[in-house]
Amino acid sequence: MNCEEATKLMDGYLDSELDPITSQKIEQHLRECPKCDQAYKIHGSLIRVIGNATPYYKVPAELREQIQSSLRDAVGAKDKGGSGQPGQLSVPRPQGERRPVLSQVPWNWLALAATIMLGALITAVFLPRMRPPNADQFLATQLIASHVRSLMANHLMDVPSSDQHTVKPWLDAKLDFAAPVADLSSQGFPLIGGRLDYLNNHSVAALVYQKRKHFINLFIWPTTPEDSTAQTMVEREGYHLVHWSDGDFTYWAVSDVNPSDLQNFKQLFEQQTARH
Amino acid sequence: MALPLKAAHASETEDFESSRNIVKFTVFKGSDQNHAQKAELASFEEALLPHLDAAHNLARWLLRNEQDAEDVVQEAYLRAFKSFGGFHGSNGRAWLLTIVRNTSYTLLKKNRAADLITTFDDEIHAPGHESVSPATILENSEDAELIREAMDELPAEFREILVLRHQEGLSYKEIADIAQIPPGTVMSRLARARGKLKEYLAARIGKEK
């Protein structure tokens with residue numbers, strides 16, 4: 001397979017929609033061609049992050065109720081021999097009667113003006129809903145983006161060291177808090193370095209651990225009142241996020257390792273830091 | 001007042017007596033129908049109300065306007081209910097989204113034919129944003145408002161395919177069914193849509209700088 005073919009099939013590969021033989025051919029090409037491999041990684045993370053951050057317009061509660069009630073009305077209309085026109089509501093609404101979407105009624109300026117007013121009103125009311133549904137999800141998106149960025153921009157570590165006594169003082173000097181650092185190499189999660197990062201409007205410590213070929217970014221910052229203290233495990237677009245808190249600090253581990261490894265990592269880290 | 005009422009009542013009773021069978025028949029038929037329809041409504045609601053968010057999200061992205069989206073969703077649910085008897089599949093979401101999509105396009109065609117034409121905006125495609133690197137795009141890619149603006153600039157067929165894949169996570173096969181395109185076209189259209197979205201994002205980021 002050449003680069004042109006690989007580029008053409010990249011989206012299908014990314015979406016796991018190719019047949020096994022073609023997938024293998026692409027995999028082989030990506031192993032051999034660093035240029036395509038790089039392009040694939042960048043394209044993939046961009047698509048994931050953009051997909052996650054695209055606003056999802058949930059249905060307003062009022063519309064849900066309205067649809068349920070108009071379905072009941074439709075049942076009622078059928079009872080009466082289906083006298084109602086298709087798509088038209090059989091029971092008049094007390095106020096703000098709906099414009100039948102595909103009605104034969106011609107537009108008139110008054111209706112247009114009213115629609116614009118209503119549209120503006122509804123936009124004003126529902127605009128806040130377009131934001132990502134909640135702060136936690138927004139944080140998760142940020143965490144994944146940060147994790148992906150650290151892997152792709154050659155900026156995984158500011159202080160590459162497997163020695164916790166090197167990483168910790170380096171971080172302490174750069175941050176206004178002393179983040180706990182644990183070495184878990186004997187348990188299969190070697191510490192490979194540390195980094196400064198910026199999340200949720202404050203500087204945070206990022207510890208980088210390795211599990212086989214995968215990296216785990218552990219983000220640590222002092223717990224603020226907005227941080228939830230509940231333990232959570234989130235899966236998004238193939239990444240796993242584990243969150244916990246020990247009172248002083250809030251932890252978020254992000255990785256593409258499997259959930260049980262990540263859970264295991266969390267427990268080991270907790271045990272190690274609890275002793276200090 | 002009391003006397004005429006009584007008289008009327010008496011005559012009604014007589015009528016009722018004389019045509020008892022017919023009356024009874026009508027009443028029974030009505031209540032059977034009622035039961036059947038209530039059951040149908042219940043199974044319709046169970047199958048399709050869980051996809052209200054998906055329906056609304058797709059309509060909202062296609063029409064780019066809340067009022068139109070709400071009208072379309074309502075219309076689509078009524079249409080779906082009317083043809084529910086013909087639905088025997090297991091994929092209620094894809095079936096509903098097809099109806100939402102078709103209803104949205106009918107409205108788009110009617111009101112804003114211009115929307116359906118793939119526009120090529122000179123301002124957006126002006127040279128100069130090539131310098132915006134993927135890393136810079138990624139840094140800005142959590143900005144929901146920026147993404148919304150860039151998405152809204154895409155032609156409807158691109159908005160639709162991005163929503164179906166990225167937000168609903170549908171397979172190429174399902175997308176082909178909903179968008180009514182050959183399965184072989186899904187990948188290339190998706191690639192073009194993603195490319196354009198990245199381009200528009202880069203252009204917006206470049207302009208802000």
Side-chain angles (χ1 to χ4, degrees), chain A residues 7-12 15 17-18 39 42-43 45-60 62-64 66-68 70-72 74-76 78-79 86-89 98-102 107 115 118-119 122-123 125-126 130-132 138 141-142 145 148-149 152-153, chain B residues 30 33-34 37-38 40-41 44-45 49 52-53 55-57 59-61 65-75 77-79 81-82 103 106-107 110-111 134-135 137-139 141-148 151 162-163 165-167 171-173 186-188 190-191 194 197-198 201:
Chain A
T7 311
K8 222 173 149 189
L9 293 167
M10 196 163 277
D11 285 87
D15 294 325
E17 287 273 356
L18 299 180
I42 289 174
H43 189 56
S45 27
L46 261 177
I47 294 315
R48 263 192 286 277
V49 175
I50 291 173
N52 277 338
T54 307
Y56 196 96
Y57 298 105
K58 289 190 171 234
V59 75
E62 297 80 4
L63 181 62
R64 182 182 293 273
Q66 208 159 8
I67 285 174
Q68 280 178 295
S70 60
L71 285 172
R72 292 216 173 88
V75 171
K78 268 189 187 174
D79 248 359
Q88 242 167 4
L89 306 175
R98 285 198 154 259
R99 166 168 66 85
V101 179
L102 310 168
W107 278 84
T115 310
L118 200 62
I122 284 170
T123 313
V125 173
F126 293 114
M130 290 178 350
R131 307 280 166 223
F138 182 60
T141 309
Q142 280 193 307
V148 171
R149 202 154 49 221
M152 74 186 239
Chain B
Q33 239 179 11
N34 217 356
Q37 278 169 0
K38 278 201 176 125
E40 193 193 358
L41 180 62
F44 175 82
E45 289 191 333
L49 281 185
L52 246 175
D53 281 335
H56 179 260
N57 186 51
R60 180 65 177 73
W61 276 115
N65 164 314
E66 180 60 34
Q67 180 64 50
D68 284 348
E70 293 193 12
D71 287 347
V72 159
V73 172
Q74 173 131 2
E75 171 82 18
Y77 264 88
L78 285 170
R79 280 193 191 185
F81 181 55
K82 290 199 171 77
T103 314
T106 313
L107 185 61
K110 199 177 173 100
N111 290 345
I137 304 178
L138 193 64
E139 265 167 42
S141 61
E142 300 141 31
D143 186 337
E145 184 57 21
L146 197 71
I147 293 174
R148 190 187 60 76
M151 280 275 281
L162 289 173
V163 167
R165 178 68 208 181
H166 292 176
Q167 299 195 302
S171 71
Y172 282 12
K173 171 78 180 61
V186 176
M187 183 171 70
S188 58
L190 199 47
R194 286 166 171 167
L197 180 60
K198 281 202 278 190
L201 275 175

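Lettering follows sequence order; numbering is per chain, from 1.
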Between B:Val73 and chain A, which part of the residue has a heavy atom less than 4.5 Å away: side chain, backbone, both or neither?
both
For B:Ser171, all residues meeting side-chain hydrogen bond (donor to acceptor under 3.5 Å, both in side chains), sequence neighbours excluded
B:Glu174
Under a 4.5 Å heavy-atom cut-off, does chain A meet the side chain of B:Leu146, its backbone, both or neither?
neither
side-chain contact (heavy atoms from CB on, under 4.5 Å) involving A:Lys8 - partner list, sequence neighbours excluded
none
Decide yes or no for A:Leu46 and B:Leu201: does some side-chain heavy atom of the first lie under 4.5 Å from some side-chain heavy atom of the second?
no
Taking every heavy-atom pair that is under 4.5 Å apart, which of B:Arg165, B:Glu45, B:Lys173 has the most such pairs with chain A?
B:Arg165
Please look at B:Leu52 and chain A and tell me whether the side chain, the backbone, both or neither of the residue comes under 4.5 angstrom of a heavy atom of that chain.
both
A:Asn52, part contacting chain B, at a heavy-atom distance under 4.5 Å:
neither
I'd like to know if the side chain of B:Gln167 and the backbone of A:Thr54 have a donor-acceptor N/O pair within less than 3.5 Å.
yes
Structural part of B:Leu197 lying under 4.5 Å from a heavy atom of chain A
side chain
Partner of A:Pro60 under side chain to side chain contact (heavy atoms under 4.5 Å, CB included), picked from A:Arg64, A:Glu62, A:Lys58, is A:Glu62
Is the backbone N or O of A:Val59 less than 3.5 Å from a side-chain atom of B:Glu70, with the two atoms forming a donor-acceptor pair by type?
no
So for A:Leu9, is it side chain, backbone, both, or neither that comes closer than 4.5 Å to the heavy atoms of chain B?
both
